[in-house]
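What follows is a set of notes on a single structure, which appears directly below.
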Number of protein chains: 2
Amino acid sequence: MAPTRPNRDAHATREALLGAAFDEMYKNGFRAASLDAILRATGVTKGALYYHFGSKQGLGYAVVEERVKPLVRERYLGPFESASDPIEGLKRMGRRMQEELEKTGVLLLGCPVNNLVTEMSGVDEGFRSRLADILDEWRDTISNGLREGIERGLVHPEVDTEAIATFYVAAYQGACGFAKNAHDIAPFVACREGLDDHLQSLTARPVASRSP
Amino acid sequence: MAPTRPNRDAHATREALLGAAFDEMYKNGFRAASLDAILRATGVTKGALYYHFGSKQGLGYAVVEERVKPLVRERYLGPFESASDPIEGLKRMGRRMQEELEKTGVLLLGCPVNNLVTEMSGVDEGFRSRLADILDEWRDTISNGLREGIERGLVHPEVDTEAIATFYVAAYQGACGFAKNAHDIAPFVACREGLDDHLQSLTARPVASRSP
DNA sequence: GACGACATACCAACCAGTATGTATGTTCTC
DNA sequence: GAGAACATACATACTGGTTGGTATGTCGTC
């Protein structure tokens, strides 16, 4: 009940609020997220919250920028980029996502990005643009990786890298949603395997060549 | 302001409430849906609403069962089943979905099923099971169509029909979400074309045969 | 006169937001 | 180096509005 944190560390207060707000928004979405719940979780008072973020919307935007975006970068874009070959990188990305979903509780909550996109991007332009940033970066990272793969002779030169990248991001988002609803990771695994299978058609050595 | 409907047609009252509730839930999600807004839209009073549905949750469940489920059946499952060949049926399903997204306003709102799945299936078992019904039926319809296609020599016999069906449903849901966020149908089209391309690998005449 | 189908009025809980107060830290002045 | 002046970082108490839900009353039909 009594706050154990030092009450005068502005940075720590801000970070604590961001953390609790992320949790609350992840569980309940933004609109159903309760500021009082966030304050209860942190032991911070309303005055401090409004001092740091100005409004609930401001807090939401900050969560997207400072928590969700780095999360995607570190968890998915990093591993993809550090792979030796983009096709291996995409497979690794899928496995990484599966690992995440296998953690207890995560399956029920789904993908934070997908959740916020679904809830907010139709009704709040600030959320939409910030989430679009994340999805665009995700897509561009894959697309650039594939283009580099073409240059290095690892990926078939006729591959439309941007279309494939869009396709992969969308498919994984959808797969998360499906698994979330099923309360079962099996649908995700089925999708991931389908995608991994599909990846073979992107390799430089064409299994079947289309007419030129 | 004054209700123009006849006030004594129970069935009509119920249907009007379901319609307005669907619209409100489609726009704002279930939790942010306001009963007062639904009442305002219909000219019905709170007493009538609670007489017919008992609770907001009851109204929500009824919307899923009596509006969302039939919508999916009529809009997507019907056309798929009436196609001469499951691969053609899947292509038609994708085009049908694209037509829908091209209607003004729909792109911003996204897919009603995906919206509710994302919002509710983690926090309300009643919603989850009802939405799972819809997604399962969707998947099974495609899976059965593919299996029949195998029997009729239209689809490659080694195709894992259920996995492919899951993959397709998930990918389309994800594509909707992506396009919704982008405020642009292009990502959906990219995904749809990727999926149509992928469909060629399911045909009975194998372009490349795997090792037996 | 009984029952189905509402209508009206009201309630407690919760919501985001704000006005105001206060303790702490820094900076400037002499 | 002491003390005033000021800004930072909160804390507390409150507000107006909205929420889902309910208790009770009433009208029309069989």
Side-chain angles (χ1 to χ4, degrees), chain A residues 1-25 27-64 116 119-120 123-124 126-127, chain B residues 1-25 27-64 116 119-120 123-124 126-127:
Chain A
M1 199 123 300
T4 54
R5 288 175 316 94
N7 282 355
R8 278 266 146 193
D9 185 341
H11 182 71
T13 302
R14 205 185 123 89
E15 290 295 306
L17 284 171
L18 282 175
F22 175 87
D23 292 345
E24 174 76 3
M25 284 167 62
K27 259 182 242 165
N28 298 109
F30 174 73
R31 289 153 71 141
S34 159
L35 295 186
D36 287 344
I38 293 168
L39 299 177
R40 247 176 282 130
T42 51
V44 172
T45 61
K46 202 160 264 191
L49 191 152
Y50 275 85
Y51 172 78
H52 282 288
F53 298 101
S55 68
K56 185 186 183 185
Q57 194 183 49
L59 175 61
Y61 291 176
V63 165
V64 174
L116 287 171
E119 184 190 2
M120 297 306 296
V123 294
D124 187 303
F127 270 99
Chain B
M1 196 123 303
T4 53
R5 285 176 318 94
N7 280 355
R8 281 266 144 190
D9 185 342
H11 181 72
T13 302
R14 206 185 123 89
E15 290 297 306
L17 285 170
L18 282 174
F22 175 86
D23 292 345
E24 175 74 4
M25 285 167 62
K27 259 183 242 163
N28 298 109
F30 174 73
R31 291 157 77 149
S34 161
L35 295 186
D36 286 346
I38 294 169
L39 299 177
R40 246 176 282 130
T42 51
V44 172
T45 62
K46 202 162 263 193
L49 191 153
Y50 274 83
Y51 172 79
H52 282 288
F53 298 102
S55 70
K56 185 187 184 185
Q57 196 183 48
L59 175 61
Y61 290 176
V63 165
V64 175
L116 287 172
E119 184 191 2
M120 296 307 295
V123 294
D124 186 304
F127 270 99

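Residue numbering restarts at 1 for every chain, and letters A, B, ... go by the order of the sequence lines.
In this structure, the CZ atom of A/F53 is 16 Å from the C1' atom of C/dG17, given to the nearest Å. For the pair A/D9 CG and C/dT24 P, the computed distance is 15 Å after rounding to whole Å. Atom P of nucleotide D/dC14 and atom CG of A/D36 are separated by 16 Å, given to the nearest angstrom. Distance CD (B/E24) to C1' (D/dG20): 14 Å, rounded to an integer number of Å. Across the protein-nucleic acid pair, B/I38 atom CD1 and D/dT18 atom C1' stand 15 Å apart, rounded to whole Å. In this structure, B/L17 atom CG and C/dA5 atom P are separated by 13 Å, rounded to whole Å. Here the P atom of nucleotide D/dA13 and the CG atom of A/L39 are 15 Å apart, to the nearest Å. With rounding to whole Å, A/R31 atom CZ is found 15 Å from D/dT18 atom P.
Heavy-atom minimum distance, B/V63 versus B/A21: CG2-CB, 3.6 Å. The two atoms that bring B/A32 and B/E24 nearest to each other are O-OE2, 4.1 Å, heavy atoms only. Across every non-hydrogen atom of B/L17 and B/L59, the tightest pair is O-CD1, 4.5 Å.
In terms of the side chain to side chain donor-acceptor pair (under 3.5 Å) criterion, residue partners of B/K46 (sequence neighbours excluded) are, by chain and number, B/D36.
Heavy-atom nearest nucleotides on DNA chain C were determined for B/Y51 and for A/A33, and the one closer to the 5' end corresponds to B/Y51.
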One character per nucleotide, please: for nucleotides 21-30 of chain D, 5' to 3', B when the base has a protein heavy atom closer than 4.0 Å, S when only the sugar-phosphate does, - otherwise. BB----B---
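For A/A48, counting side-chain heavy atoms from C-beta on, the closest listed nucleotide (D/dA11, D/dT19, C/dC6) is D/dA11. Set against C/dC6, D/dG20, D/dA11, the side chain of A/T45 has D/dA11 as its closest nucleotide.
Side-chain N/O atoms of B/H52 include one lying less than 4.0 angstrom from OP1 or OP2 on C/dC6.
Using a 4.5 Å heavy-atom cutoff, the side chains of A/V123 and A/R31 are in contact.
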